[in-house]
**Q** 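Below: one structure in structure tokens.
Fair warning: this is a prediction, and the values are worked out from it, not measured in the lab. Sequence lines set the chain letters: A, B, ... in the order given, protein chains first and strands last, and positions in each chain run from 1.
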Amino acid sequence: MMALIVAEVAKVRTTRLWIGLLVGVVALGALGAIATLAIAGSPDGLEAGITPIETVENVRDFVATGSVAGLFALVLGAVATTTEQRHHTLGGTFLATPTRWPVVVAKVVGSAAAGFLFGVVGALVPLIAVAGDFALEGEIVPFGSTVVVAVLAVAAGSAFAGAIAAAAGAALRSQLIAILGVLGWALVIESLVGAILPGTVRWFPFSGLTNALSQPGGDLLSAPAAGLMMAVYLGVAVALGIAVTLSRDVD
Amino acid sequence: MSARRTDEPAIEVAGLTKRFGSITAVDGLSFGVERGRVTGFLGPNGSGKTTTMRVVLGLAAPTEGTATVMGRPYAALDRPLARVGALLESTGFHPGRTGRQHLRIAATAGGLQKERVDEVLDQVAMRDYADRRVKGYSSGMRQRLGLAAALLGDPELLVLDEPGNGLDPAGVAWLRGFLRAFADAGRTVFVSSHLLAEMAQTVDRLVVIDRGSLVREGPVQAITSAVASDVMVRSPDADRLRVALEAEGATVSVGEDPGSLTAAGVAIERVGELAAAAGVVLHLLQSREASLEEAFLRLTGRDGAGSAPGAPEMPPPPEPPA
Ligand SMILES: Nc1ncnc2c1ncn2[C@@H]1O[C@H](COP(=O)(O)OP(=O)(O)O)[C@@H](O)[C@H]1O
Ligand SMILES: [Mg+2]
């Protein structure tokens with residue numbers, strides 16, 4: 001299994017997609033962070049509900065905006081299997097591992113690792129930005145273990161996004177449908193259903209569970225409960241991905 | 001893993017049927033591939049060769065019947081790349097990876113030695129291109145990379161689907177020699193082709209299919225002589241002999257010299273008897289073994305002369321390829 005995970009990580013590493021996505025994580029994160037810092041505390045900012053960053057809790061919440069990295073992890077995961085479908089490499093992959101299910105598991109683990117990396121980077125971008133902002137004023141940014149936990153929480157959420165997208169991708173044939181499907185779920189469906197039935201948000205994988213880790217409070221589940229629910233979602237998705245992978249004919 | 005000859009076939013296909021919706025790609029096919037030989041898998045385009053190989057390699061599930069490799073379903077082989085090397089027609093590569101990266105990933109996933117990567121690159125003469133992206137490869141280079149991947153595990157069995165596709169004539173000649181040497185070292189090759197010229201000089205045995213069903217299986221010699229040996233005759237009275245031969249059901253063609261006939265579908269002894277019975281003088285009576293190509297065309301009913309004698313239950317001639 002270790003060899004398969006190494007092989008799957010090598011597949012990601014040897015194509016350029018991950019670089020593009022990582023650049024996206026940094027660019028989008030930096031853009032959002034700088035824009036937020038620019039108006040935080042100003043009248044415009046107050047009107048938009050953006051308070052100045054003064055306390056450790058403010059810094060923690062600001063770091064949590066790095067969870068936008070999860071969107072890029074979703075894309076990377078969704079591509080893990082479907083790119084093999086698209087380039088007709090799945091046959092070669094299954095010749096090496098004809099039992100197939102370990103391939104799905106390795107892709108899920110590899111995508112989770114990549115998602116974790118994306119998440120760490122995604123969380124560090126606002127942290128560095130706010131630290132720089134404080135440094136410009138000759139001050140030191142408020143820091144504490146809660147900030148470190150927030151970085152790890154963002155990374156865990158992003159790892160979850162990569163993993164569940166890889167499992168979903170294993171169950172789908174088309175790369176485009178897989179990418180649009182996972183992004184559409186995270187960006188559109190959860191928002192729509194959440195707007196109609198606000199009580200359901202806490203159970204959603206992204207707006208509910210991953211946020212419960214990085215921005216705890218409100219109606220969201222406790223972190224352990226959220227982690228458990230994530231494991232359940234992931235288990236179901238992996239089982240589905242394996243079932244479809246085992247049942248289908250490959251070129 | 002050292003190659004060995006045993007009585008157990010390297011590949012055994014039994015009662016295999018594969019349907020895709022309403023299309024029956026393989027239809028009750030049974031055959032065996034002997035160890036230590038090159039077995040050609042011959043059939044026109046669309047006859048089910050690729051589908052059969054995919055089922056043999058566990059990539060597609062049979063609708064009915066079984067296929068085993070080294071006595072087991074492919075999926076039950078331990079470290080399969082070290083036992084079976086395969087190249088399928090549909091095999092692709094990620095265009096953004098280099099040839100070497102592909103092979104290294106395959107070696108990792110297959111639990112194979114990394115040193116093999118350079119060895120197989122040398123074997124297929126691809127070392128100079130190994131660090132270029134596949135995007136820039138010619139079809140021949142892709143085919144060589146696919147062969148390199150098949151050889152990676154130093155397997156005892158090679159399953160190759162139309163390996164000559166995309167190779168230039170020198171490449172095809174190299175491939176023939178390579179397959180010959182591979183089998184002469186006691187290993188097994190199962191190679192499909194729709195091109196006869198590629199096959200004739202390389203293979204020991206043939207499995208001939210058409211429309212998903214077995215047409216013939218056996219040594220090349222036996223198939224060509226049983227199915228397609230012609231009888232050449234020269235006679236001053238060729239017209240009368242032709243009438244007698246045609247009455248016997250033979251297919252007769254007249255040579256450039258009107259006294260020369262070539263008869264197919266009739267034994268040489270019978271030609272002699274018919275000539276004697278008709279009181280026709282013969283100046284020449286000689287059998288001529290047909291080429292594999294002629295044998296194949298007759299076996300598959302594609303020679304324009306209808307079914308070949310001795311080939312039971314021939315399907316009707318095909319509609320021309322689209
Ligand atoms: N995945 C598939 N879906 C539908 N039809 C298929 C599929 N694969 C092969 N076929 C059909 O099965 C028949 C046999 O195809 P194939 O095995 O590729 O033949 P060959 O390799 O001898 O040219 C053809 O009619 C082909 O169109
Ligand atoms: Mg084919």
**Q** With a 4.5 Å cut-off on side-chain heavy atoms, are Val26(B) and Ile209(B) touching?
**A**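 No, side chains not in contact.
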
**Q** Just wondering, more than 12 heavy atoms not from Leu17(A) lying within 6.0 Å of its CG?
**A**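 Counting other residues, nucleotides and ligands, CG of Leu17(A) exceeds 12 neighbours.
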
**Q** Which residue out of Gly58(B), Gly110(B), Ala109(B) racks up the most heavy-atom pairs below 4.5 Å with chain A?
**A**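 Heavy-atom pair counts peak at Ala109(B).
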
**Q** What residue, out of Leu4(A), Ile5(A), Thr15(A), has the most heavy-atom pairs lying under 4.5 Å from chain B?
**A**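 The candidate making the most pairs under 4.5 Å is Thr15(A).
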
**Q** Is Phe93(B) in contact with chain A via its backbone, its side chain, both, or neither, using a 4.5 Å heavy-atom distance?
**A**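 For Phe93(B), backbone heavy atoms alone lie under 4.5 Å from chain A.
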
**Q** Is it the backbone or the side chain of Arg133(B) that comes under 4.5 Å from a heavy atom of chain A, or both, or neither?
**A**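 Side chain of Arg133(B) only, per the 4.5 Å heavy-atom cut-off to chain A.
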
**Q** I need the residue from Gly96(B), Ala149(B), Ala75(B), Gly111(B) with the largest number of non-hydrogen atom pairs under 4.5 Å to chain A.
**A**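 Top option by heavy-atom pairs under 4.5 Å: Ala75(B).
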
**Q** Charged N to carboxylate O under 4.0 angstrom, Arg83(B) versus Glu156(B)?
**A**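 Salt bridge: yes.
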
**Q** Between Pro98(A) and Pro80(B), what is the shortest heavy-atom contact and its length?
**A**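 Between these two residues, the closest heavy atoms are CD-CG, 3.6 Å.
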
**Q** Answer with side chain, backbone, both or neither: which region of Arg100(A) has an atom nearer than 4.5 Å to a non-hydrogen atom of chain B?
**A**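 It is the side chain, since no backbone atom gets that close.
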
**Q** Could you tell me whether Arg127(B) and Asp118(B) make a salt bridge, using a distance below 4.0 angstrom between a side-chain N and a carboxylate O?
**A**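 Judged by the 4.0 Å cut-off on N to carboxylate O distance, Arg127(B) and Asp118(B) do form a salt bridge.
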
**Q** So which part of Ser247(A) gets closer than 4.5 Å to some heavy atom of chain B, the side chain, the backbone, both or neither?
**A**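 Contact with chain B involves no heavy atom of Ser247(A) at all.
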
**Q** Pairing donors with acceptors under 3.5 angstrom, does anything connect the side chains of Glu89(B) and Thr50(B)?
**A**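 The answer is yes; a qualifying pair exists.
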
